[in-house]
Structures are given as C-alpha cells and as structure tokens.
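As structure tokens, the structure follows; a few thoughts come after it.
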Amino acid sequence: MKTLKTCLSGIALSVACATASAGEVEVLHYWTSGGEAAAVNVLKQEMEDAGHTWTDFAVAGGGGESAMTVLKSRAISGNPPSAAQIKGLDIQEWGELGFLTSLDDVATAGNWDSLLPEVVSDVMKYDGHYVAVPVNVHRVNWLWANPEAFKKAGVEIPTTWEQMIEVGPKLKAAGIIPLAHGGQAWQDATTFEAIALAEGADFYRKAFVEHDDATLKGETMVKVLTTFKKMRDLIDADSSGRDWNVATSMVINGQAAMQIMGDWAKGEFTAAGKTPGTDYVCVAAPGTADMFTFNIDSLAMFTQSDDSRVQAQKDLAKMVMDPKFQETFNLNKGSIPARQGMDRTPFDSCAHDSMDAFTVSAEKGTLVPSMAHGMATSSRVQGAIYDVVTNYFNASDMSAEDAADKLARAVKATL
C-alpha cells in the first residue's frame with residue numbers, strides 16, 4: 001500500500017488551496033485501538049497538511065459510552081468540540097438540543113445526496129439538513145475465525161448457533177477457547193443482536209426498531225435469550241471487562257477460535273499483518289448470511305463561533321467525503337466506504353463480501369440498523385436493553401422467560 005501521505009496528498013493540496021485561513025478542529029472520538037488509530041491518523045495528517053491544526057480528543061472505550069459522557073459535559077459547559085464521533089438517533093437528539101451546525105452548503109457542493117445511500121444520508125440529517133458526515137459503513141453481524149484452531153480441533157466453522165454450541169467441547173478439548181469475548185455490556189449486546197437477527201429481519205425490526213411489546217416478551221425472544229445464555233459455556237473465565245480488540249488478538253494468535261464482532265475487528269487483523277482467507281476467515285454470523293446489521297461511524301459538527309474554526313470544520317467535512325480518503329480510511333478501519341461508486345480493487349475479500357451483502361440486503365429488505373451500536377434506537381432504550389441483557393447473561397438464577405419479560409418492561413419504561 002502507498003504511504004498515507006502519498007495516497008492523499010491530492011486531497012490536502014486541493015483543500016489547502018481552498019482554505020482562506022487556517023483554523024483548529026478539535027475532534028472527540030473513541031477510535032483508539034491499533035487499526036482504529038491508524039485510520040483516524042489519516043484524517044489528522046491530511047487536515048494538518050491542509051494547514052489546519054488538529055486537536056485530538058480521544059476517549060478510550062469501544063462502545064463510546066465514556067466518550068459520550070465527556071461530550072455531554074463539554075457541551076453543557078458551553079465548550080463543545082468542533083466535531084464528535086456520534087451515531088444514529090443520538091445525532092437527532094443533539095440536533096434537537098440546538099448544538100449542531102448545518103453542512104448543507106458543503107453537501108450540496110459535494111453532491112452528497114447522490115453519493116450516499118438513502119439509509120446513510122437519512123442518519124446524517126436533522127430536520128432535513130446535513131449536520132454530520134459519514135466516515136464508513138460497518139457490518140456488525142460477522143463471525144471471525146482462526147482456521148488453524150478449527151483444524152487442530154478437527155471441526156468445521158459453524159454456520160448455525162446450534163453448531164457453534166456443538167463444536168465448543170471439541171475446541172476446549174484441543175486447548176482452545178471456543179469464543180473470544182469481552183464481558184462488557186455492548187459486547188454482550190453485539191452477540192445478543194446477532195442471535196436475534198438469525199430469527200429474521202422482520203423479527204429484529206419489531207423488537208429493536210419498533211419495540212413491539214409482544215415481540216420483546218414472546219416465544220421467539222425466549223428462544224433467542226436461551227441460545228444467548230449458552231454462549232457463556234464457550235467463553236473463558238477471564239472475559240470480564242476485556243476490551244474487544246484484546247478478544248480479537250486471542251483469535252489472531254490462536255488462543256481462541258472465533259469472535260462475534262463488527263468488521264472493525266478486521267482492522268486488528270490487518271494491523272497484525274494477517275491475510276483474509278489464509279490467516280483468518282470472515283463469515284456472516286450464524287444464520288444471518290443474507291442479512292446486514294449496519295453501524296455507521298460519523299462525525300457530527302458542533303456550532304463554532306470563530307470563522308477560522310468554521311472553515312476548518314467545513315474542510316474536514318469535505319475531506320471525509322473525498323473518495324481517496326474514504327478508501328484509505330476504510331482500508332485501515334476494516335469497514336466499507338459510505339460513499340457509493342468507489343473502486344473496489346484495493347479492498348480485500350472480506351470487504352467485497354460486505355459490499356455485496358450491503359447491496360443484496362438493501363434489495364431484499366434485510367438491511368437493519370444495529371441496536372447494540374446505537375443505530376436502531378435512542379441511547380435511553382439501548383441502555384435499558386444493555387442492562388437486562390448483561391444482567392441475564394451473568395445471572396445464574398434468571399430464566400429466559402423472566403429475562404424476556406424484564407426486557408419488554410424495561411423498553412416500555414424508557415419510551
């Protein structure tokens with residue numbers, strides 16, 4: 001791969017020529033793992049090459065909860081950053097509070113409406129106006145597997161949840177942890193929603209988008225929760241509090257056989273010099289081959305009073321949508337570009353699979369927003385689901401029926 005500076009020098013030059021005066025952009029984000037840091041450094045370097053000052057405000061924590069706490073504190077004190085990594089309905093909430101600035105002039109000049117799929121552009125707008133810019137599209141429902149681990153145990157990579165449970169003892173007998181997992185609420189929810197998705201996109205939408213009470217406490221949800229609880233037998237005793245990228249490293253080094261995680265995990269494989277199809281395998285989570293749970297990383301722009309900061313903010317938005325940046329960032333991040341019509345040649349087989357699945361699922365009506373990653377519902381409802389799911393996963397005396405009832409009650413209370 002070309003160096004980042006060589007790859008993107010054209011972007012920096014064009015933006016620098018258009019920039020009337022250099023300004024500062026302070027960017028609050030939680031891209032802190034190896035692959036994520038490499039990806040965000042692309043943007044930082046290009047903004048600096050364009051003459052602007054990039055102030056990095058990185059808050060560790062894969063699910064973004066800590067970053068959002070910091071952002072709320074900054075905003076309430078009247079000192080919001082120029083841009084912040086915000087997703088899904090939270091963008092609408094910040095818009096309603098009056099903190100976000102319009103990017104319509106940048107979007108119109110860049111023809112964003114024709115370059116972005118509607119499912120993406122809708123998320124970037126508040127009250128019909130662009131207030132955020134999409135960096136990428138993640139597929140969440142992935143299973144990452146170490147083929148050597150499965151070969152050692154003499155079993156096949158599972159394509160159903162039942163098969164995953166069945167191969168667990170054989171992997172353990174071979175000295176391999178079946179499922180790499182981190183005991184954090186958002187990681188629990190990521191696995192939970194993948195199991196729910198296997199019951200169909202319609203069921204998933206009714207539960208996590210429409211919040212249908214009968215669906216949340218019905219027999220199918222009890223089945224989902226029962227399967228979810230069985231995943232505990234596949235993880236190790238030291239999983240509590242483990243960061244997602246540490247779990248990914250367990251698959252990379254063969255300590256664990258597989259991981260349920262979004263395609264940001266691929267950034268860790270890439271950073272470790274691993275090749276898809278050889279060193280690791282990427283397949284849809286069991287039972288979800290023709291479905292796509294999406295998570296869109298985006299930068300929401302907060303109103304600034306200084307003209308130079310405003311210009312720097314606009315240049316940042318332009319740069320994020322540039323095709324060369326979209327390519328280079330996503331090659332590092334493991335995701336696929338949000339911008340349509342990109343050259344697929346530089347991307348690997350996992351990315352091609354993701355691009356194909358995105359297109360097919362959009363056509364079939366099986367493209368759904370991730371609940372676990374803030375795309376399907378508000379942070380309040382998401383938090384309520386997190387609490388029930390994690391408590392149930394770690395409780396020894398809660399039945400699936402009780403958990404389903406608690407789930408329905410918790411969601412209803414937050415609506």
Side-chain angles (χ1 to χ4, degrees), residues 63 140-143 158-169 171-172 177-237 239-242 247 258-261 284-288 291 293 368-373 376-377 380-415:
V140 180
N141 58 308
W142 279 112
L143 173 70
T159 58
T160 68
W161 295 105
E162 292 76 13
Q163 289 175 4
M164 182 179 287
I165 294 165
E166 289 172 2
V167 301
L171 287 163
K172 287 182 180 180
I177 298 167
L179 185 64
H181 185 73
Q184 298 173 331
W186 73 269
Q187 292 192 59
D188 293 342
T190 298
T191 299
F192 170 66
E193 76 170 12
I195 297 171
L197 184 63
E199 296 300 322
D202 288 341
F203 168 79
Y204 182 97
R205 282 195 199 90
K206 285 182 179 179
F208 303 130
V209 179
E210 300 171 17
H211 308 312
D212 178 68
D213 189 68
T215 301
L216 288 167
K217 63 185 179 185
E219 290 183 6
T220 303
M221 185 60 76
V222 171
K223 175 187 174 184
V224 168
L225 287 161
T226 299
T227 300
F228 174 58
K229 191 61 167 283
K230 291 179 180 178
M231 295 298 109
R232 281 212 63 83
D233 293 334
L234 305 180
I235 65 179
D236 62 300
S239 65
S240 180
R242 178 185 291 144
M258 50 190 163
Q259 180 185 24
I260 301 293
M261 188 54 60
T288 69
M291 292 174 264
T293 317
V368 296
S370 170
M371 171 278 296
H373 296 273
T377 189
R380 295 187 304 277
V381 175
Q382 181 196 51
I385 295 173
Y386 274 16
D387 288 344
V388 174
V389 167
T390 290
N391 288 339
Y392 166 69
F393 196 54
N394 293 291
S396 59
D397 57 352
M398 188 188 303
S399 70
E401 289 79 7
D402 285 345
D405 184 65
K406 289 177 182 292
L407 182 62
R409 289 174 181 272
V411 169
K412 187 175 183 178
T414 55
L415 292 177

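Model, not experiment: these values are computed from the prediction.
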**Message:** Suppose we screen for salt bridge (Lys or Arg N to Asp or Glu O under 4.0 Å). Which residues come up paired with D405, at least two apart in sequence or across chains?
**Reply:** R409
**Message:** So which atom in K217 and which in A408 form the shortest heavy-atom distance, rounded to 0.1 Å?
**Reply:** CB-CB, 3.8 Å
**Request:** For atom NZ of K172, decide whether the heavy atoms of other residues, nucleotides or ligands shown that lie under 6.0 angstrom number more than 12.
**Result:** yes
**Message:** So L415 and V381, do their side chains get closer than 4.5 Å, heavy atoms only?
**Reply:** yes
**Prompt:** Any side-chain heavy-atom pair from Q259 and L143 closer than 4.5 angstrom?
**Reply:** no
**Asked** Do M221 and L225 have side chains that get closer than 4.5 Å, going by heavy atoms?
**Response** yes
**Request:** Applying side chain to side chain contact (heavy atoms under 4.5 Å, CB included), run through F203 and L197 and close with a yes or a no.
**Result:** CA-CA 8 Å; F203 168 79; L197 184 63; over 6 Å; no
**Request:** Look up atom OG in S239 and atom CG in L234, then write down how far apart they are to the nearest 0.5 Å.
**Result:** 11.5 Å
**Message:** Does any part of the side chain of P369, heavy atoms only, come nearer than 4.5 Å to the side chain of V209, both counted from C-beta?
**Reply:** yes
**Message:** I'd like to check H211 versus K206 (side-chain heavy atoms, cut-off strictly below 4.5 Å). Are they in contact?
**Reply:** no
**Asked** Would a 4.5 Å heavy-atom cut-off, applied to side chains only, mark F208 and I385 as touching?
**Response** yes
**Message:** For W161 versus A198, what's the shortest heavy-atom pair and its separation?
**Reply:** NE1-CB, 3.6 Å
**Prompt:** What is the distance from atom OG1 of T190 to atom CD1 of I195, rounded to the nearest 0.5 Å?
**Reply:** 11.0 Å
**Item:** Salt bridge present between D233 and K230 (N-O < 4.0 angstrom)
**Value:** no
**Request:** Start with the C-alpha gap between N394 and D188, add the side-chain angles, then the distance that decides, and say whether side chain to side chain contact (heavy atoms under 4.5 Å, CB included) holds.
**Result:** CA-CA 10 Å; N394 293 291; D188 293 342; 4.2 Å; yes
**Asked** Between D402 and M398, what is the shortest heavy-atom contact and its length?
**Response** CB-CG, 4.0 Å
**Request:** Using the test salt bridge (Lys or Arg N to Asp or Glu O under 4.0 Å), find all partners of D212 that sit at least two apart in sequence or belong to another chain.
**Result:** none
**Message:** Is it the case that over 12 heavy atoms from other parts of the model lie below 6.0 angstrom from the CZ atom of R232?
**Reply:** yes
**Asked** What distance separates K229 NZ from S396 OG, expressed to the nearest 0.5 Å?
**Response** 7.0 Å
**Message:** Between Y204 and E199, do the side chains contain a donor N or O and an acceptor N or O under 3.5 Å apart?
**Reply:** no
**Item:** Validation row: W186, Q382 side chains within 4.5 angstrom (heavy atoms)
**Value:** no
**Request:** Could you tell me which non-hydrogen atom of A372 sits nearest to which non-hydrogen atom of Y386, and how far apart they are?
**Result:** O-OH, 2.5 Å
**Asked** Taking atom types as modelled, is there a side-chain donor on E193 or T293 under 3.5 Å from an acceptor on the other?
**Response** no
**Asked** When you check the side-chain N and O atoms of H181 and D236, is any donor under 3.5 Å from an acceptor?
**Response** no
**Request:** Go through the steps for T191 and Q187 under the test side chain to side chain donor-acceptor pair (under 3.5 Å), then give the verdict.
**Result:** CA-CA 7 Å; T191 299; Q187 292 192 59; over 6 Å; no
**Prompt:** If you look only at pairs with a residue in residues 214-237, which of them pass as a ring pair (Phe, Tyr, Trp, His ring centres under 6.0 Å), with sequence neighbours excluded?
**Reply:** F192-F228, F228-F393
**Prompt:** Between T288 and N141, which heavy-atom pair has the shortest distance, and what is it?
**Reply:** OG1-ND2, 3.0 Å
**Least distance between heavy atoms, I165 atom then M231 atom** = CG1-CE, 3.8 Å
**Prompt:** Rounded to the nearest 0.5 Å, how far apart are CE of M164 and OG1 of T227?
**Reply:** 11.0 Å
